[in-house]
Every structure is written in C-alpha cells, then in structure tokens.
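What follows is a short report on a single structure.
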Amino acid sequence: MLSPRNRELIGLIPAALLVTGGFTAIFIQQQDTARGAATNLTLNHASSVSLTYGGLFLALCVAGHLVIRFCLPDADPYLFPLGAVLASVGIVMVYRIEPVLARQQAQWMVLGLALFAATILALHRRGVGVLERYRYTIAAVGIVMTVLPRMPVIGEQVNGAYLDVHLGGVSFQPAELGKVAIVIFLASYLHDNRQVLVTAGRRVLGLTIPPMKQFGPMLIVWGAAMGTLLLTRELGTSLMFYGAFLALLYVATGRFSFPLIGLMLFALGAWFVAAHVGHVHARVLAWEHPFDPMLYNEPGGSYQLAQSLFAQADGGLLGTGFDQSLLQYPVELANHVVVRRSILPVPESDLIYSVITDELGLVGAAGLLLVYLLFVTRGLKTAMLAKDSFSKLLATGLSFIVAMQVFVIVGGVTRVIPLTGVTLPFVAYGGSSVVMNFVLLALLLVVSDRARRPYV
C-alpha cells in the first residue's frame, strides 16, 4: 500500500498533465487559425513548449511536496494535489485569455509556494497553536489590510468598490490577507470562550444571549472588520467574513440560535444596504433584470452579468474547446483603425468561471466545482480529526471561507446571488489571492499533520 506522501506525489501528475494538455490544445488552435500554418510546425511547437511548461509546473509542485514530505510526514495526502489541480486550471485559462497575465500569475505562484514552504517551516514543530498568542495583533493586521484600499494615493476605486492597493508597479488585494487573519482570531477567541458562551448568558424568547463580557470583544473585532469592508464597498468579502463568523460560532457552541440571530441581522442589514448604498442597489437591479436594455447599456449596469450568462449558455454541455470561444471582437474606428474589444469584462478575474464554462462546457465547470468540493471536504475532515479545539476551529474556518468564496463568485456569475468582485480561489488571476490561498493551504496541512499523527 502506498504511503500518504507517495500518494501525494502521484496525485501531482494529473495537475502537470492538465498544464501540458491545456497548453497543447491552445497552441494547436492558435496555429490552426493562423494563415499558412504547417502541421509539422504546429505539432513540434505544441509538444516542445507544452512539455516544458508542464515540466516546470511539476517541478514547482514537487518542490512543495518535498517540503511537506520532510516537515509534515503525516499530513493529508490529497489537499496539496487538489490545490495543484486548481492552480493548473488557472494557469492554462489565464494564458488563454492573456499570455502576459499568465506569466505574472506564474510568478505569483512561485512566491505563493515560497510562502507556503515558509509557513510550514515556521509552524511544523510548534503547530498552529503558536498563532493564539498573537490573536489580537493578527486581528489588527487583518483589519488594517481590509481598509488599505480606501487610503488616498495607494487605493483605487474600480466598479464602485475599493479593492486594490498600488505600491510602485505592484498591485494587490489586501483583503486576501485579512480573511485569513480574521479566521485565526475568531478560532482563537472562540477556543478560549466557547464554554462560557454555551453555559452562561440569559434566555430571551427562547434564545440564549451570551454575556457581553465574553461576547463583546469578538463582536467589536468582527464589527470593525465588517465596517471597514463596507467602507471599501467590497461586499463579496464582507459576505465571506460574515459566513465564516456564523459557521465558527455554530461549530464552537453547537447553538443554532446564534447563526439564526446572525441570519436575521444579515437580512436586515442587506435590506438597508441595498436600499441606501447606490453601488449595491445597482448590483441588485442588475441581478433582478440582467437583460433589461436600459440596465444593459448603462455604465455599471447589467452588461457584465448578461454577458456572463450568454458565455455560459454558449458552452453547452461539452464546451466550445480551449481557445475557441469568442472573447474579443474587432471594431473599426472612424480613422479606420481596427481595435479589439472584450465581450466579457475582466475575463481573467471576475468572469473566469464563465470562460471555463464556455470552453469546457457544463461538464468541465461541474468537474472544477467537484475539485473545490473535494478540497473543502478534506479540510473539514482535517477539522474532525484535529485533537484540540483551536485546530478544529481554524481548519473549519479556513475550509468554510474557501467554500464561501467559491459560492459568492460562482453564485454571482450564474445569477444565484448579486454579482460581486471576489476571485475564484487558485484559479482566477490575482497575485494576492494566489499567494494567500497557498498560505491557507499550508495552515491546513500543518493542522492535518498533527491531527493524523499516530499516538506514540
């Protein structure tokens, strides 16, 4: 029977094959559409370059595997290969959309793997418990990160929301760091106060109201995070944090009344924000009437969502094939200059799921969601096996926030919920997202190593 680490190593091969096969399909399609393309030239170019890219991707993954093998010998053998599969899909799809962005994505992946290894090396001996000592510092850093995009000079407003921070030639979304920091704080605080929250408090209308002495600090930190996110108008991240907060509260206390109260408060808050914040109100109108001509042609209206739905419908069951969907179309200007305009706004980020569904069809999109489901399942299994409550809560929170992030963006582009600007984990273009998702993966592996370690 194969050891866990050998299973992990073998599991990296499909990810590398996805990179090789994906680039091969793209290169062949590009050569076929070029005039006078020679078959031998097409095959030689596709085979050599694609194998090179696949080999480089596999080498990076094997480097990460070696760190796990020597530092975390008992860690879950499937989490890292699942993350590698998602990253391989991202690299291929971003290259198909814009090769320059794919090279940047690859550079961010290298940095992400470096921080992945650094996180494992820093925590593999003492475990994640050391993070509890700095929970308030971590929470403060998380809150500062979420409000940075609203700062003058470095912050920038895009489509009504403040998402990015620009420092020199580097752009990143600090909320990606904030989501991990807030989960660490909530897991640590609930670990210390869960018993008081369950046994103390008063009963009001059949609901247990916890004492403010223990519940207040957590509400203050969580409220500060929510307030800063609303300040930046990045409601997708706010929804992720809110969902993680309710999930951890329920797991820690076992009281259904807590998430029930939270859902009622969320309903009231959503109604108020949708009615009084113009940016959110416009998103709700676009969600309700995506094909209304007035909204479709209005700046910041329903064009993005409607085009997303058109692209997904175009894919059908099996898709159009790699590099065969129409993402841009030529437009001749008054001076006879021909420019290419995008059919899908920001296809490499917000709408990359629509591109995947268009080119791989419903089958390919369902396969991608299945990989996410397996990733979250392995994370929750790690939480079940963890031997201390902080590790249980941390693994639960990290897994749930990945699930919430996938739900928010996929639900938005498929019109289940209003569309927001959240990235698809590991897949969508975005340096900070790629880096912090690898750090999140490293934390899950550190927890799983301790959880699966046999008793001596």
Side-chain angles (χ1 to χ4, degrees), residues 22 25-26 29-30 32-33 89-90 92-99 101-102 158-161 163 235-236 279-333 338-370 372 405-425 427-430:
I26 292 174
Q29 177 62 21
Q30 290 176 347
D32 287 345
T33 55
V89 174
V92 172
M93 293 308 302
V94 173
Y95 184 91
R96 177 265 178 275
I97 296 167
E98 178 53 63
L101 296 181
V158 179
N159 295 326
L163 302 172
L235 299 180
H279 165 63
V280 180
H281 183 66
R283 289 291 180 95
V284 173
L285 286 178
W287 171 58
E288 293 177 337
H289 312 286
F291 306 117
D292 185 310
M294 293 185 63
L295 290 175
Y296 183 83
N297 295 311
E298 180 182 336
S302 63
Y303 178 81
Q304 186 176 12
L305 177 57
Q307 293 299 108
S308 168
L309 297 174
F310 291 147
Q312 293 173 70
D314 181 55
L317 183 63
L318 299 177
T320 59
F322 271 126
D323 201 34
Q324 296 195 48
S325 64
L326 183 63
L327 294 184
Q328 294 181 330
Y329 62 98
V331 175
E332 184 175 354
L333 303 179
V338 177
V339 298
R340 301 188 67 83
R341 291 183 177 173
S342 176
I343 292 177
L344 284 176
V346 286
E348 73 281 357
S349 180
D350 292 4
L351 299 186
I352 195 168
Y353 179 81
S354 301
V355 180
I356 293 172
T357 306
D358 194 347
E359 301 199 343
L360 303 183
L362 180 61
V363 172
L368 178 67
L369 295 180
L370 180 60
Y372 279 117
Q405 190 165 348
V406 174
F407 169 74
V408 167
I409 186 59
V410 174
V413 298
T414 56
R415 204 189 160 205
V416 175
I417 60 175
L419 181 63
T420 61
V422 176
T423 57
L424 196 60
V427 174
Y429 171 76

- Indicate yes or no: at least one non-hydrogen side-chain atom of Arg415 is less than 4.5 angstrom from one of Leu305. yes
- Message: Under a 3.5 Å distance rule, please check whether Ser308 uses its side chain to pair with a backbone N or O of Val413 as donor and acceptor.
- Response: yes
- Note on the structure: Looking only at heavy atoms, the pair that brings Ile97 and Pro347 closest together is CD1-O, 3.5 Å
- Query: Who are the salt bridge (Lys or Arg N to Asp or Glu O under 4.0 Å) partners of Glu359, not counting sequence neighbours?
  - Reply: Arg96
- Query: After noting the C-alpha distance and the side-chain angles of Tyr372 and Phe407, does the key distance pass the side chain to side chain contact (heavy atoms under 4.5 Å, CB included) rule?
  - Reply: CA-CA 10 Å; Tyr372 279 117; Phe407 169 74; over 6 Å; no
- Work out which heavy atom in Ile417 is nearest to a heavy atom in Val408; give both atom names and the distance. CD1-O, 3.7 Å
- Just jot down the side chain to side chain contact (heavy atoms under 4.5 Å, CB included) partners of Leu101, sequence neighbours excluded, or say none. Val94, Glu98, Gln104, Glu348, Tyr429
- Between OG1 on residue Thr357 and CG on residue Leu351, distance to nearest 0.5 Å: 10.5 Å
- Where do Ser349 and Ala428 come nearest, in terms of heavy atoms and distance? O-CB, 3.7 Å
- Task: For residues Leu419 and Gly412, report the shortest heavy-atom separation together with the two atoms involved.
- Result: CD1-C, 3.6 Å
- If every non-hydrogen atom of Pro418 is compared with every non-hydrogen atom of Arg283, which pair is closest and at what distance? CB-O, 4.3 Å
- Do Leu368 and Leu424 pass the side chain to side chain contact (heavy atoms under 4.5 Å, CB included) test, and can you show the C-alpha distance, the side-chain angles, and the key distance before you say yes or no? CA-CA 11 Å; Leu368 178 67; Leu424 196 60; 4.1 Å; yes
- Closest non-hydrogen atom pair, Thr423 against Gln405: O-NE2, 2.9 Å
- Separation of Leu309 CG from Asp314 CG (nearest 0.5 Å): 12.5 Å
- Gap separating the CG atom of Leu360 from the CG atom of Leu362, nearest 0.5 angstrom: 11.0 Å
- Report yes if some heavy atom in the side chain of Leu369 is under 4.5 Å from a heavy atom in the side chain of Tyr353; otherwise report no. yes
- Message: Going by ring-ring contact (aromatic ring centres under 6.0 Å, His included), name the residues that satisfy it together with Tyr296, two or more places apart in sequence or in a different chain.
- Response: Tyr303
